[in-house]
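Okay, structure first, notes after.
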Amino acid sequence: MTNPYLPVLILMGIGLVLALGGVAASAVIGPKRYNRAKLDAYECGIEPTPHATGGGRLPIKYYLVAMTFIVFDIEVVFLYPWAVDFTVLAGFGLAAMVIFLALITVPFVYEWRRGGFDWV
């Protein structure tokens, strides 16, 4: 009798070998024709500008966009199982989902007030 985790460990090993092999193969086989344009930072076709002396501050919009993605992505991930087993969960599932949606509304309102949805 074999260990039931052996196939999982074998698959993880194969995945690790393929991932590391791909990185190594691209480093060995890939072209190495570097020039100034390839090594320069790319900012949407605009010449990169130097940062302020103090390092500069990133606008809050970057963080708000990331927070929007995370909050709503997680919300959708948790809504799928609830929708699939809605009849089994019945009243308890409905109450839990209402509480979850109420809690997820807090970051939504916060981002709305901070201007995360204003793209002007």
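Bear in mind the structure is a predicted one, so any value in this text is a computation, not a measurement.
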Subject >> Hydrophobic cluster identity match, Phe69 and Ile74, side-chain contacts under 4.5 Å >> reply: yes
With a 3.5 Å cut-off and sequence neighbours excluded, list the donor-acceptor pairs that the side chains of residues 76-105 form with protein atoms.
unit_1: Trp82; atom_1: NE1; unit_2: Gly93; atom_2: O; d: 3.2
unit_1: Thr105; atom_1: OG1; unit_2: Leu101; atom_2: O; d: 2.6

Subject >> Hydrophobic cluster partners of Ile14 (side-chain heavy atoms under 4.5 Å) >> reply: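 Result for Ile14 is Leu6, Ile10, Leu18.
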Donor-acceptor pairs under 3.5 angstrom involving side-chain atoms of residues 19-30: please list them, not counting sequence neighbours.
unit_1: Ser26; atom_1: OG; unit_2: Gly22; atom_2: O; d: 3.4
unit_1: Ser26; atom_1: OG; unit_2: Val23; atom_2: O; d: 2.9

